[in-house]
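Okay, so here's the structure we're looking at.
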Amino acid sequence: EKAEWEKLKDEPSVTADGKHFDIAANIGTPDDLKGVIDNGAEGIGLYRTEFLYMQSDSLPTEEDQFKAYKKVLEGMNGKAVVVRTMDIGGDKHLPYLPLPEEMNPFLGYRAIRISLDRQEIFRTQLRALLRASAFGNLRIMFPMIGTLQEFRDAKKVFEEEKSKLVKDGVKVSDDIQLGMMMEVPAAAVLADQFAKEVDFFSIGTNDLIQYTMAADRGNEHVSYLYQPYNPSILRLIKHVIESAHKEGKWAGMCGEAAGDNTMLPLLLSMGLDEYSMSATSVLRVRSLMKKLSTKDLATLADRAVNESITNEDNKKLVEEYLNK
Ligand code: PEP
Ligand code: MG
């Protein structure tokens, strides 16, 4: 099987009926680029920038960040790179940035909530990104957006830093898409409204499942509730994708589910545009995609969200489909 996958390394990701979708990779540091290129990913769908902060003894400077972002953008040679602004908090902490003790860190001071509150940190990151944007195809997304106001506030800060740089004569791209993670259920429910203002969505199933099922993603005692195929989750995902398309925007997924063989037929059936996963999954998913036909899959998602009741129903539905 591995040898067969290898042959797909330089091929585009297409279905049996010739529809093209992007298979991208998730990275944590510029060192991960080699894996992305070796596995023939069509872009980077999630660059988790918090590792830059976690691997440092103090807040990374604008210059340090600029170098890292530029390296990734240049390394991808014009392919799209989706950089997520820092997602600290929850289970990720920085020794030099004391965060409040919280009863429920995953429901607390995290990601965009910190960035909008500690704007000097956010502005430094955005300036580094803006400067790096001249060296490749940069897209920026904000993590943990729950309300449209948060997205608007983040976008405003971005626009302010952009104008300052332009005024100072710094070269920045004029074509940076601004999107958001879809991982807070409140935002997913209102995806139709968000879609009018964002350039794209990237569905973060790791958190979307955790928050929708009210089950800590790292707690083994409730791991039975981590149900990617639960019709409630699939309805949200379908709504997010359809809402994006209605406004002419694209929708991707960068949570674990994006690289899952059982999920793939469902996501193709819903028309998800971009699939971002660990680099080592890219060729396996490309190979499976090649065997599936979107025409044949047309009604699968409708059955999964309207007729199925449980996670297991849908697992069976897809497995039967794949084995037929
Ligand atoms: C997610 O929540 O699905 C996601 C991709 O982000 P992270 O795993 O970094 O929270
Ligand atoms: Mg997340």
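The residues of the chain are indexed from 1 along the displayed sequence. Atoms within each ligand, like the ligands themselves, are counted from 1 in listed order. Being a predicted model, the structure only gives us computed values, none of them experimental. The figures here come from the full heavy-atom set of this structure, side chains too, leaving out hydrogens, waters and symmetry mates.
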If you measure every N or O of E256 against every N or O of ligand 1, does any of those distances drop under 3.5 Å? no
Taking only non-hydrogen atoms of G204 and a 4.0 Å limit, the atoms of ligand 1 in range are 1 (C), 2 (O), 3 (O)
One finds that the ligand 1 atoms under 4.0 Å from a non-hydrogen atom of R217 are 2 (O), 7 (P), 8 (O), 10 (O)
Identity of the N, O or S atom of E183 lying closest to the Mg ion (ligand 2): OE1
Between D199 and R139, does any NZ, NE, NH1 or NH2 come within less than 4.0 Å of an OD or OE carboxylate oxygen? no
Per-atom filter on ligand 1: closer than 4.0 angstrom to a heavy atom of L46 are 5 (C)
Any salt bridge linking D174 with K162? Criterion: basic side-chain nitrogen under 4.0 Å from a carboxylate oxygen. yes
Does D207 bring an N, O or S atom to under 2.8 Å of the Mg ion (ligand 2)? yes
Using a strict 4.0 Å threshold on nitrogen-to-oxygen distance, state whether E197 and R152 make a salt bridge. yes
Check the orientation of F21 and Y275. Use parallel for under 30°, tilted for 30 to 60°, and perpendicular for over 60°. perpendicular
Region of K92 engaging ligand 1 - heavy atom pairs below 4.0 Å: side chain
Check ion pair E160-K156 (N to O, under 4.0 angstrom): yes
Check each atom of ligand 1 against the heavy atoms of C254 and keep those under 4.0 Å away; list them by number with element. 5 (C)
Can you list the ligand 1 atoms lying under 4.0 Å from a non-hydrogen atom of G255? 3 (O), 5 (C)
Whether R286 and E42 form a salt bridge (side-chain N of Lys/Arg under 4.0 Å from carboxylate O of Asp/Glu) is what I want to check. yes
Hey, are D192 and K246 close enough for a salt bridge, meaning a charged N less than 4.0 Å from a carboxylate O? no
With a 4.0 Å heavy-atom cut-off (strictly under), which part of R110 contacts ligand 1: side chain, backbone, both or neither? side chain
Run the salt-bridge test on E120 and R123 with the 4.0 Å N-O cut-off and return the result as yes or no. no
Give me the nearest non-hydrogen protein atom to atom 6 (O) of ligand 1 as residue plus atom name, then the distance to 0.1 Å. R84 NH1, 2.9 Å
Ionic contact status for E1 with R284, cut-off 4.0 Å: no
Could you check which of I203, D207, N206 puts a non-hydrogen atom nearest to atom 10 (O) of ligand 1? D207
Polar-atom distance check: R48 versus ligand 1, any N or O pair below 3.5 Å? yes
